[in-house]
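The model shown is predicted, which means the values in this text are computed figures rather than measured ones. All chains are named by letter (A, B, ...) in the order of the sequence lines, taking the proteins before the strands, and each is independently numbered beginning at 1.
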Protein chains: 2
Amino acid sequence: MTNRRDAVREILAHSEGFRSAQDIYAEMRAHGAKIGLTTVYRALQALADAGHIDVLRTDDGESVYRACVTGGHHHHLVCRRCGRTVEVAGPAVERWADAVGAEHGFTAITHTVEVFGTCPSCSAVASAS
Amino acid sequence: MTNRRDAVREILAHSEGFRSAQDIYAEMRAHGAKIGLTTVYRALQALADAGHIDVLRTDDGESVYRACVTGGHHHHLVCRRCGRTVEVAGPAVERWADAVGAEHGFTAITHTVEVFGTCPSCSAVASAS
DNA sequence: ACGGTTTTGACAACCGTTTTCATTCTGGCG
DNA sequence: CGCCAGAATGAAAACGGTTGTCAAAACCGT
C-alpha cells in the first residue's frame, strides 16, 4: 500500500517551495498518474499527521504543503514572487517568544513565524523590467 | 452615512481577541441589528484595506479580524483557550527577520509572527479541573 | 481461489467567502 | 418638493477549496 502516499511525498521532495494540494494533484495527473483528488488530500493529511510535511494556510485560504529537510523546529524564508523557500533556524526568536509569553504569565508557548521577501534572482528580474 | 462599517468597528473595538466574520455577524444580529452577512464582509474588508484592523487566517481557513490599539507594527500573544490577546512589540524579532532575510540576499522583508500560549487564568482552570 | 479488510476515487455535500443584481438610501439639483 | 444619479445594502446564487460518502477495486492471510 501507500503507493500513492509515497508518490505524493515524491512530488514534495523535489519541489522547492510550498505546493498546494490541487497543484500537486495537477502535476501527478500531468505525469500520467491515475489518482483522485481525494487521495491526494488524504495522503497529504496522513503525511502531515505523521509530521513528515509542513502545512500552512495561504492568505487566500488555500492549504500549502512542504516536505521539510530539517527534522526539528524551524521556520521558513519564502520568496513572495517565485515561492522559493529556505529553511532557517531562529534561536533568537524561540527565546523571544518564550520570554514574551512568560512575561505575560502564559504557559505552553508555541509560535509561528514566517518571513517573506523577494529573493536575489527575483529582485534582479523586478529591477530589470 | 453612519455606516454599518462603524457598527462593525464598534464590535471589534470592545472585543478582546480575534473575531470571525460570521461571529461578528451573529453578534450584530443578536443585538437586533438589521444587517446582512455581505455587508459585514464588506465592512471588514474596507477596514482591513484602510489598515484599521488586522486580518489573519485560522488554521481551519476562517478569516479572523481584530481592531488594533497600537498603530504601528506589532505582534500578538494569543491564549489558545479563551482567545484573549495581548499586543506585543518585538524589536528583537524585527531585527532577526531582517537579518535572516538579508543573509540570504532577500529584499523587501516582511514577516508574520504569532505567539500562542495558555493565559494565567486559563491554565488555572485547566489545572483545577 | 475466497472472505474480510483497507484503499481508492468519482461525486456530492459543506462552509466560508465573494459576486450578482435588484432594491433602498442619500444627497444634490431643478 | 419631486427627481434622478450614484452609493450602499442584503438575499440569494456562485465559487473554490476541502471533506464526507459509498461502491468498486486492490490487498491480505488463509
Side-chain angles (χ1 to χ4, degrees), chain A residues 1-12 15 17-67 78 80 83 85 112 114, chain B residues 1-12 15 17-67 78 80 83 85 112 114:
Chain A
M1 63 175 180
T2 21
N3 231 338
R4 311 279 163 264
R5 187 173 308 182
D6 286 340
V8 169
R9 176 140 51 166
E10 262 313 298
I11 301 276
L12 282 175
S15 297
F18 285 94
R19 311 281 308 262
S20 76
Q22 318 243 8
D23 189 17
I24 293 168
Y25 171 64
E27 172 163 343
M28 298 187 79
R29 273 313 187 77
H31 247 260
K34 291 281 190 304
I35 192 171
L37 186 50
T38 314
T39 307
V40 174
Y41 275 107
R42 268 194 295 245
L44 252 11
Q45 278 169 337
L47 288 169
D49 285 351
H52 292 124
I53 60 176
D54 264 11
V55 196
L56 61 85
R57 290 271 180 172
T58 324
D59 279 347
D60 58 302
E62 227 180 339
S63 294
V64 287
Y65 305 84
R66 181 174 201 282
V78 184
R80 71 165 62 81
T85 303
T112 65
E114 298 291 328
Chain B
M1 42 174 166
T2 301
N3 261 341
R4 306 291 183 279
R5 185 175 309 184
D6 287 337
V8 169
R9 176 138 51 166
E10 261 314 297
I11 301 276
L12 283 175
S15 296
F18 285 95
R19 311 283 309 261
S20 76
Q22 318 242 6
D23 189 17
I24 294 168
Y25 171 64
E27 171 162 343
M28 297 187 80
R29 273 310 188 77
H31 220 265
K34 290 283 190 298
I35 191 172
L37 186 51
T38 313
T39 308
V40 174
Y41 276 107
R42 268 194 293 246
L44 253 10
Q45 280 169 336
L47 287 170
D49 285 351
H52 292 124
I53 61 176
D54 264 11
V55 195
L56 60 86
R57 289 271 181 171
T58 325
D59 279 347
D60 57 303
E62 229 180 336
S63 294
V64 287
Y65 306 83
R66 182 175 199 282
V78 184
R80 71 164 63 79
T85 302
T112 64
E114 296 293 327

Exercise for the section: Using atom CG of B/Asp6 as one end and atom P of D/dA8 as the other, report the distance to the nearest whole Å. Expected result: 13 Å
List every contact pair, protein side and nucleotides 22-25 of chain C side both N or O, where the distance is under 3.5 Å.
none

Problem - Distance, rounded to the nearest Å, where A/Leu44 contributes CG and C/dT8 contributes P - result: 13 Å
Handout entry: d(CD, A/Gln45; P, D/dT18) in whole Å
Key = 10 Å
Could you go through nucleotides 11-15 of chain D and list every protein N or O atom that sits under 3.5 Å from one of its N or O atoms, giving the distance for each pair?
unit_1	atom_1	unit_2	atom_2	d
D/dA11	N6	B/Thr38	OG1	3.0
D/dA12	N6	B/Thr38	OG1	3.4

Handout entry: For DNA chain C, stems built from three or more consecutive Watson-Crick or G-U wobble pairs below 3.5 Å
Key = C:1-30 with D:1-30
Practice task
Whole angstrom is fine here: how far is it from CG in B/Asp49 over to C1' in C/dT18?
Solution key: 14 Å
Practice task
Can you see which heavy atom on B/Ala48 is nearest to which on B/Val55, and at what distance?
Solution key: CB-CG2, 3.4 Å
Practice task
Could you verify whether a donor N or O on one side chain and an acceptor N or O on the other, from A/Gln45 and A/Tyr65, lie under 3.5 Å apart?
Solution key: no
Practice task
List the atom of B/Ile53, the atom of B/Leu44, and the distance in Å for their closest heavy-atom pair.
Solution key: CD1-O, 3.5 Å
Problem - Rounded interatomic separation in angstrom, taking CZ from B/Arg5 and C1' from D/dA8 - result: 10 Å
Practice task
Give one of base, sugar-phosphate or nothing for B/Ser63, where a contact means two heavy atoms less than 4.0 Å apart.
Solution key: sugar-phosphate
Handout entry: Under 4.0 angstrom between B/Thr39 side-chain N/O and D/dG10 OP1 or OP2
Key = yes
Exercise for the section: Indicate whether OP1 or OP2 belonging to C/dT17 is found under 4.0 Å from a side-chain N or O atom of B/Gln22. Expected result: yes
Practice task
For C/dT18, take OP1 and OP2 only and decide whether either is under 4.0 Å from a side-chain N or O of B/Tyr41.
Solution key: no
Practice task
Please confirm whether the backbone N or O of B/Asp59 pairs with a side-chain atom of A/Arg57, one donor and one acceptor, at under 3.5 Å?
Solution key: yes
